[in-house]
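Below is one structure, written out as structure tokens, with a few remarks after it.
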Amino acid sequence: MSTRALRRLKGKQRGQEALDLGDLSLGDSPEEQVEAEVGEEQLDTANAANAANVSPPSNSKSSSSRKTKKNKAQENFSNIYELICDAENESDRVSPDEDPVKNKASGTKKNNNKDVENQGQEHEEESTKSGDRVKKKKKKKKTKTTSEDGQLNGAATENIDLLLENLELSNGVSLQSEDCGGSVRKSVLHVEHRNLNPETELKRYFGARAVLGDQRPRQRNRHFHRSTWITSPKESWPRFSRPGISMTLLESKNGVHYFTFEHNRDYQQAQFKFLDAVESMDPNNIVALLQLNPYHIDSLLQLSDVCRIQEDQEMARDLIERALYSFECAFHPLFSLTSGTSQLDYLRPENRAFYLALYKHMMFLEKRGCPRTALEYCKLILCLDPDSDPLCMLLLIDFLMLRSREYKPLLQLYQDWEEHRNLSQLPNFAFSCALCHFHLSQQDDVDPEESDKQRQQADQMLQSALIMFPGVLMPLLDLCTVQPDSTVSSHSFFGPKSQIGQPPALAELTALYVGRTYSLWKEAVVMLWLEESVKEVLRRVDAKDPLVEDCENKRKQRYQSAPRNIHRHVLLSEIKEATSTLPLEVTIQPVMGFDPLPPLDSVISYTRPERQHVGASNESTLSLFFRSLLPNFNLQGGLRQEDDMEVARVGQELNQEVNRLMVAMRDMLANIRFQEPPREDNPYRDEDEWD
């Protein structure tokens, strides 16, 4: 039986019982422990006999064997004792030359006669604690090994320091990057786990009692799920099973780890079925697929869009959270959400669904009234690929920072990224940074000098933004329901000419900013400040300020065509003012909710098997009618191989027409305004009006 089992039988716990030599002899068998106890009893008898000047001849052999057992117990126990009582032994770890008291005690112990030694040992066993006995019996060994331990500890410390330095050099922990703003990642774009939970923000607003209420976790029939940071699993969700997604580390370069998601063969088959369900244009097929594969990512994203269109916001949000939970369960052990060194390539189709799920979850949080949590997800998406920024989060992060009242971080981001990203050329940063300075000047805890400085800088930045982007003013005032002055509306600089003459890319960026952030400019104080700046800009325009002509030349040379990621961001934003400015080459192609505007240079890991198209020629009108209702209907019963290209062209044109029809229907429904009938309490209503 081991020492641990004996200690449990005695009802003792480690570190709480009194230290005893019999209990501390590690590695001895039960027979040796029994012999040690017998030897101890004989040793006590021998000590008593020596005290009475009686020397039995049989005790010499047992005492020598007992000394051997003592030395063995000391050798086996020394390291364990140092681990348990390390704080007590720190004062004893000195060399023999530095402790004359110990040397003197050890010398006197050797020179004393046998009777004095036995009397001292008997007195020690009766009066002192077991911990002090072990200290006295270990003095010789400690004095010998103190210097060796000090050298080993020093060498180990030096080795640890060298290892840490090598790791820093090899992995690049400094997080400094030449074109990604590495210093910003740690300060401004640093992601914290606690801010990814919307309950943290809601508790800050309303208190924990209002958010959680009297909810208590049920102890019975409780399902134990994996601990996650993004979402928490719900009891209403289906039982989680591996859907076939995994994450792989591709490479590590300059301290940055590049990961990718992978699909196994079963998941690929489910993906092919999902594409067939999408082509059928029947959401019930997607529901049937989710019943078989409840954690299929693209099906969850597509069905979430369907529920959102049907005004079922709760179900749409729940489906997105389920998709994120499936992703988080597939994370690689080295993948980190907060380090800023884990990146995913958007060119791979397997990674795009994670981007889209995070974006849709962020938008749900923003509409729910959690802008600080939405900002944390925005920073997370930006850190996944800060170089290419596939979802163009730089067009959104300023709005979320303003809503979260993170004024100084936004100015810091603008200052650090302006050099390599030219953020001043984006209308959203040009106007939002000016608004940041204005809000900082209006704070109560700011000194008057600092307030004047912030206000002066806000005026300067807003005037520069209005001169560079004059097409922002009139749509902004229109959405804010503010009637501009006649001198402003009739002026050629801010009039209709400024909007008509805008390049297409600039018109898209302007409409996106105005449609998203017009609510931030509705405050009376902000509107008065805007009015003063507009008057000053008109004065500078009339005075032929050279900055006006310079900005006009920049607008003509730049903003001719927007990159693909901006078009993708506009489609995901679903802002009516911005989607109406998309170019024709974007609107005529079908846009899928699970993969809007995929990159042209995508990295394809597996392809969908080709499907044989059924020919549509030489068929009757009735057959074509049934085919329009049922795409798989074939009256002739056979598969035709001819005219495949013609059928594909016709199908593409049909998809384009359907997309145009859907856009037109959405605009029509959004612009419908019903006239309210006259009230009964209207005293001026004509009595014969409805006759």
Side-chain angles (χ1 to χ4, degrees), residues 163-186 189-193 196 225-231 240-268 270-271 295-298 301 323-359 361 376-391 393 565 594-595 598-599 601-607:
L163 287 175
L164 291 176
E165 291 178 0
N166 294 333
L167 285 174
E168 290 180 358
L169 293 176
S170 61
N171 295 334
V173 186
S174 59
L175 293 178
Q176 296 295 329
S177 178
E178 55 185 2
D179 59 349
C180 300
S183 61
V184 181
R185 293 186 199 172
K186 192 173 182 181
L189 297 183
H190 177 65
V191 180
E192 295 183 6
H193 281 139
L196 294 175
H225 301 276
R226 178 177 175 177
S227 177
T228 53
W229 290 108
I230 299 178
T231 57
F240 179 77
S241 60
R242 294 290 179 180
I245 301 179
S246 60
M247 180 181 279
T248 305
L249 176 63
L250 295 178
E251 61 175 349
S252 298
K253 186 187 302 181
N254 298 328
V256 180
H257 307 292
Y258 297 91
F259 297 89
T260 183
F261 287 100
E262 292 183 349
H263 299 165
N264 62 7
R265 183 170 299 179
D266 295 336
Y267 193 91
Q268 293 178 11
Q271 187 73 12
Y295 288 91
H296 183 259
I297 304 298
D298 289 343
L301 296 179
L324 288 174
Y325 178 74
S326 179
F327 271 124
E328 195 168 4
C329 291
F331 280 173
H332 193 275
L334 296 179
F335 184 80
S336 175
L337 296 171
T338 59
S339 64
T341 58
S342 301
Q343 297 187 11
L344 292 171
D345 191 1
Y346 193 81
L347 298 179
R348 297 179 178 271
E350 297 85 355
N351 298 337
R352 295 173 198 163
F354 185 59
Y355 279 88
L356 296 174
L358 288 175
Y359 183 89
H361 186 58
E376 208 71 12
Y377 280 95
C378 181
K379 294 190 292 184
L380 173 59
I381 298 173
L382 184 58
C383 289
L384 289 178
D385 195 352
D387 295 334
S388 59
D389 192 11
L391 298 187
M393 303 310 296
N565 59 342
F594 62 93
D595 191 8
D601 53 347
S602 300
V603 180
I604 306 299
S605 58
Y606 64 93
T607 57

Can you find a pair of side-chain heavy atoms, one from [X] and one from [Y], that are under 4.5 Å apart?
{"X": "C329", "Y": "R242", "answer": "yes"}
{"X": "Q271", "Y": "H296", "answer": "yes"}
{"X": "S246", "Y": "N264", "answer": "no"}
{"X": "I230", "Y": "L337", "answer": "yes"}

Measure the spacing between [atom1] of [X] and [atom2] of [Y] and express it to the nearest 0.5 Å.
{"X": "D387", "Y": "L382", "atom1": "CG", "atom2": "CG", "result": "10.0 Å"}
{"X": "L301", "Y": "F594", "atom1": "CG", "atom2": "CZ", "result": "9.5 Å"}
{"X": "L189", "Y": "I381", "atom1": "CG", "atom2": "CD1", "result": "12.5 Å"}
{"X": "W229", "Y": "L380", "atom1": "CH2", "atom2": "CG", "result": "13.5 Å"}
{"X": "D298", "Y": "Y267", "atom1": "CG", "atom2": "OH", "result": "5.5 Å"}

If only atom types and distance count, is the side chain of [X] paired as donor or acceptor with the main-chain N or O of [Y] below 3.5 Å?
{"X": "Y377", "Y": "Y359", "answer": "no"}
{"X": "S602", "Y": "P599", "answer": "yes"}
{"X": "N565", "Y": "D389", "answer": "yes"}
{"X": "E251", "Y": "Y258", "answer": "no"}

**Asked** Please walk me through it: do F354 and F331 pass ring pair (Phe, Tyr, Trp, His ring centres under 6.0 Å)?
**Response** CA-CA 11 Å; F354 185 59; F331 280 173; 5.7 Å; yes
**Request:** Using the salt bridge (charged side-chain N to carboxylate O under 4.0 Å, His left out) rule, collect all pairs that involve residues 334-353, keeping only residues at least two apart or in two chains.
**Result:**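 Applying salt bridge (charged side-chain N to carboxylate O under 4.0 Å, His left out) to every pair that reaches into residues 334-353, excluding sequence neighbours, yields R352-D595.
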Which atom names give the shortest non-hydrogen contact between [X] and [Y], and what distance separates them?
{"X": "T341", "Y": "G255", "result": "CB-O, 3.4 Å"}
{"X": "Q343", "Y": "C383", "result": "CG-O, 3.9 Å"}
{"X": "E192", "Y": "E376", "result": "N-OE2, 2.7 Å"}
{"X": "S342", "Y": "S339", "result": "OG-OG, 4.0 Å"}

**Prompt:** Y295 and I245: side chain to side chain contact (heavy atoms under 4.5 Å, CB included), yes or no, with the steps?
**Reply:** CA-CA 10 Å; Y295 288 91; I245 301 179; over 6 Å; no
**Request:** With sequence neighbours left out, write down each residue that passes salt bridge (charged side-chain N to carboxylate O under 4.0 Å, His left out) with E262, or none if nothing qualifies.
**Result:**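 None.
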**Request:** Give me the one residue out of R265, Q268, H263 that meets side-chain hydrogen bond (donor to acceptor under 3.5 Å, both in side chains) with Y606.
**Result:**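 Only match with Y606 under side-chain hydrogen bond (donor to acceptor under 3.5 Å, both in side chains): H263.
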**Pairing residues for L249 by the side-chain contact (heavy atoms from CB on, under 4.5 Å) criterion, not counting sequence neighbours** =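 Once residues adjacent in sequence are excluded, the partners of L249 under the side-chain contact (heavy atoms from CB on, under 4.5 Å) criterion are S252, H257, F259, H332, L334.
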**Request:** Tell me, with the steps shown, if L358 and L391 meet side chain to side chain contact (heavy atoms under 4.5 Å, CB included).
**Result:** CA-CA 11 Å; L358 288 175; L391 298 187; over 6 Å; no
**Request:** Determine, step by step, whether L384 and Y346 satisfy the side chain to side chain contact (heavy atoms under 4.5 Å, CB included) criterion, reporting the C-alpha distance in whole Å, the side-chain angles of both residues, the deciding distance to 0.1 Å, and the verdict.
**Result:** CA-CA 9 Å; L384 289 178; Y346 193 81; over 6 Å; no
**Message:** Determine whether Y355 and D385 satisfy the following criterion, side chain to side chain contact (heavy atoms under 4.5 Å, CB included), listing intermediate values before the conclusion.
**Reply:** CA-CA 10 Å; Y355 279 88; D385 195 352; 3.3 Å; yes
